[in-house]
Amino acid sequence: MIDVKRAGARGDGKTDDTAVIQRALQQAAQSKDTVYFPDGVYIIDPARTLSIGTNTSIIGNGKTSVIKAASSGFGWDMIRVQGSNININNVSLDGNNRVNRVLAIGGGSSNIVINNSSVANATHSTDRKSDYYAGVVSGIVIYGNTNSITISNTEIYNISAINVSQGSLIARGIFVTTTWGSTEKIGKKILISGCYIHHISPADDGDGIYYEDPAMDNNQGENTGSVIANNRFTYCSKRAIKVYALGMQVQSNQIENPFLNNNYYKGTKKGTLAPDMYSAISIYGSNNVVVNNIISGVGSFYAAIEVSAGDLIENTLIQGNSISMGDRSSIAGTTAIRLGNIRGFQLLNNNISNGERGVWTWQNADQGVIQGNSIVVRKGTGIDLTTYLSGYVQKNITCIGNNITAGKAKIVIPPRAINIVVK
């Protein structure tokens, strides 16, 4: 084991320890060793990314072992993991709002574990001439061709975009994607479990987790076999979870909406009131499972669980979720489960309270089962199979055994719907 203080690092919160720590990391990679960070605040130059290579482990004492970007300078990634069989345990990674991304897992990496740690404080540079003035801000980024990545029991927080990029302010607590312009394929077998993700902002496009497969743009996406489970989210300004990928499980997460008429856009619509939250979980890919999540809070959601906003989504299971919107929140235009273009879906045994609609199929919907759901919408509609779009139709849908309390209508079926069965 390599003790960074014995290797020469000061850990006093003032001295630049970048060079000493990098040497220790290189030595560990060569000898398949562990780098130990005793209690201390280890200052590193944000413009000099720390590199962690194959067969390296990092361990600390938890929140008292802090690797922190210096208050001067600015950088892209504070730490970059590249290789295989790499473990980071019990350390605090503090970007100090001097980096765009605190921790990056490079393309092609495998068997990486981030556990019992914290990742915090990433944003944009305020210097308009800086390379770091715009772009996606993230706590952790996982690039493509990666496999068997685990992020567990880790706190990710204070990730905030302040400068407009691609027409919006984009921040991600955890961002799974591919290297821009590369031929990488999306990461597979990624497990994000037991994490606490909070204060990801702003409302323009601040998501707790975004799993993005750019190959989906060309209908070349692949099932990921990845899981987002047992995490806790709060103060994620737009969404807790967004999935633009195939073959994922989103299960047993706890998502709190703490906003109540106080979540504002800060980019091109600066000063305009946003929805309390746009969504808790947005699914824009096929073969995905959303089960046993608890979605609640004082605020409302435009769509607590949203599936598809245009492209056809197939083979979707939404089961056993608890969805509630705050009693004092504005429910106009809100929906608990909102389905766009979808075929082959099951909505089973979900518990829904408040919102203008419990379930709404607002685009084409085909081959669906809506069964065993408890829906209480005292000022709205339980299940709405209508659409305001010309040429769209709902067909081959069975609604069976749903317990609905609704102020307007329990189930609304449009005249042009085809083969709708209600029991």
Side-chain angles (χ1 to χ4, degrees), residues 151-153 156 172-174 176 190-198 200 206-211 224-259 275-308 313 315-326 329 334-339 342 345-355 357-360 369-377 402:
I151 303 173
S152 58
N153 305 311
I156 300 106
R172 316 290 186 216
I174 298 175
V176 183
I190 294 173
L191 172 64
I192 303 171
S193 177
C195 295
Y196 178 32
I197 301 174
H198 60 98
I200 314 299
D207 296 339
I209 297 173
Y210 182 20
Y211 204 119
T224 67
S226 295
V227 177
I228 300 172
N230 300 300
N231 302 286
R232 183 160 61 102
F233 301 84
T234 189
Y235 287 99
C236 294
S237 297
K238 186 172 185 179
R239 301 180 187 87
I241 300 168
K242 180 180 179 181
V243 173
Y244 182 58
L246 306 177
M248 293 190 57
Q249 285 186 281
V250 179
Q251 64 185 55
S252 303
N253 298 284
Q254 182 177 334
I255 300 168
E256 180 197 12
N257 181 357
F259 301 103
D276 292 334
M277 282 181 68
Y278 175 82
S279 182
I281 301 170
S282 290
I283 302 294
Y284 302 137
S286 297
N287 308 328
N288 288 307
V289 173
V290 180
V291 297
N292 298 331
N293 299 282
I294 299 173
I295 299 168
S296 63
V298 296
S300 61
F301 299 87
Y302 175 70
I305 297 177
E306 175 197 30
V307 182
S308 174
I313 303 300
N315 304 323
T316 302
L317 173 63
I318 300 175
Q319 181 174 8
N321 301 282
S322 175
I323 303 168
S324 63
M325 303 193 200
S329 67
T334 65
T335 307
I337 301 176
R338 187 175 192 262
L339 306 178
I342 192 165
F345 63 94
Q346 298 179 78
L347 309 185
L348 309 177
N349 305 316
N350 299 285
N351 290 301
I352 295 168
S353 62
N354 291 341
R357 294 177 175 92
V359 175
W360 185 24
V369 176
I370 305 173
Q371 181 175 354
N373 301 283
S374 174
I375 302 173
V376 179
V377 283
N402 299 290

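For S329, the side-chain contact (heavy atoms from CB on, under 4.5 Å) criterion is met by L260, D276, S300, M325, I331, not counting sequence neighbours. Taking the ring pair (Phe, Tyr, Trp, His ring centres under 6.0 Å) definition, one finds that Y211 meets it with nothing, sequence neighbours left out. The salt bridge (Lys or Arg N to Asp or Glu O under 4.0 Å) check on R357 picks up D384, with sequence neighbours excluded. Residues passing the side-chain contact (heavy atoms from CB on, under 4.5 Å) test with S252 are N230, N292, sequence neighbours excluded. Residues satisfying the ring pair (Phe, Tyr, Trp, His ring centres under 6.0 Å) criterion with Y284, sequence neighbours excluded, are absent altogether. In this structure N349 satisfies the side chain to side chain donor-acceptor pair (under 3.5 Å) test with no other residue, sequence neighbours excluded. In this view, C236 and I197, I200, F233 satisfy the side-chain contact (heavy atoms from CB on, under 4.5 Å) rule, not counting sequence neighbours. Judged as a side chain to side chain donor-acceptor pair (under 3.5 Å), and not counting sequence neighbours, Q319 has no contacts. With sequence neighbours left out, D207 forms a salt bridge (Lys or Arg N to Asp or Glu O under 4.0 Å) with R172, R239. Residues meeting the side chain to side chain donor-acceptor pair (under 3.5 Å) test with T334, sequence neighbours left out: none. Annotation: side chain to side chain donor-acceptor pair (under 3.5 Å) contacts of Y278 (sequence neighbours excluded): E306. Every residue two or more places apart in sequence or in another chain that forms a ring pair (Phe, Tyr, Trp, His ring centres under 6.0 Å) with F259 is listed here: Y235.
Contact check for N288 versus V243: side-chain heavy atoms found under the 4.5 Å cut-off. Within the 4.5 Å cutoff, the side chain of I342 has no heavy atoms near those of the S308 side chain. For the pair N350 and I323, the minimum side-chain heavy-atom distance is 4.5 Å or more. In this structure the side chain of V227 never reaches within 4.5 angstrom of the side chain of S193, judged on heavy atoms.
Rounding to the nearest 0.5 Å places CD1 of I192 at 8.5 Å from CD1 of I241. For the atom pair CZ (R232) and NE2 (H198), the distance works out to 7.5 Å, reported to the nearest 0.5 Å. Considering CG of N351 and OG of S374, their distance stands at 5.0 Å, rounded to 0.5 Å. Atom-to-atom distance recorded for F345:CZ and S286:OG is 13.5 Å, nearest 0.5 angstrom. Distance check: I151 CD1 to C195 SG gives 6.5 Å after rounding to the nearest 0.5 Å. To the nearest 0.5 Å, atom CD1 of residue I283 and atom CD1 of residue I305 are 8.5 Å apart.
A donor-acceptor distance shorter than 3.5 angstrom exists from the side chain of S279 to the backbone of I281, with no hydrogens or angles considered. N257 places no side-chain N or O within donor-acceptor distance of the main-chain N or O of A280, the cut-off being under 3.5 Å. In this structure, the side chain of N293 does not engage the main chain of I255 through any donor-acceptor pair within 3.5 Å. Judged by distance alone, the side chain of T224 and the main-chain N or O of L246 form a donor-acceptor pair under 3.5 Å. One N or O on the side chain of N253 and one on the backbone of N231 form a donor-acceptor pair closer than 3.5 Å.
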Pair L347, L339 - check side-chain contact (heavy atoms from CB on, under 4.5 Å), show working. CA-CA 10 Å; L347 309 185; L339 306 178; 4.0 Å; yes
Would I228 and M248 count as a side-chain contact (heavy atoms from CB on, under 4.5 Å) if you check the C-alpha gap in whole Å, the side-chain angles of each, and the deciding distance to 0.1 Å? CA-CA 8 Å; I228 300 172; M248 293 190 57; 3.7 Å; yes
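Among N373, V359, N321, V376, the one residue that satisfies the side chain to side chain contact (heavy atoms under 4.5 Å, CB included) test with I352 is V359.
For the pair P258 and T234, the tightest heavy-atom approach, listed with the atom from each and the gap, is CG-OG1, 3.7 Å. Looking at every heavy atom in both residues, E256 comes nearest to M277 through O-SD, 4.1 Å.
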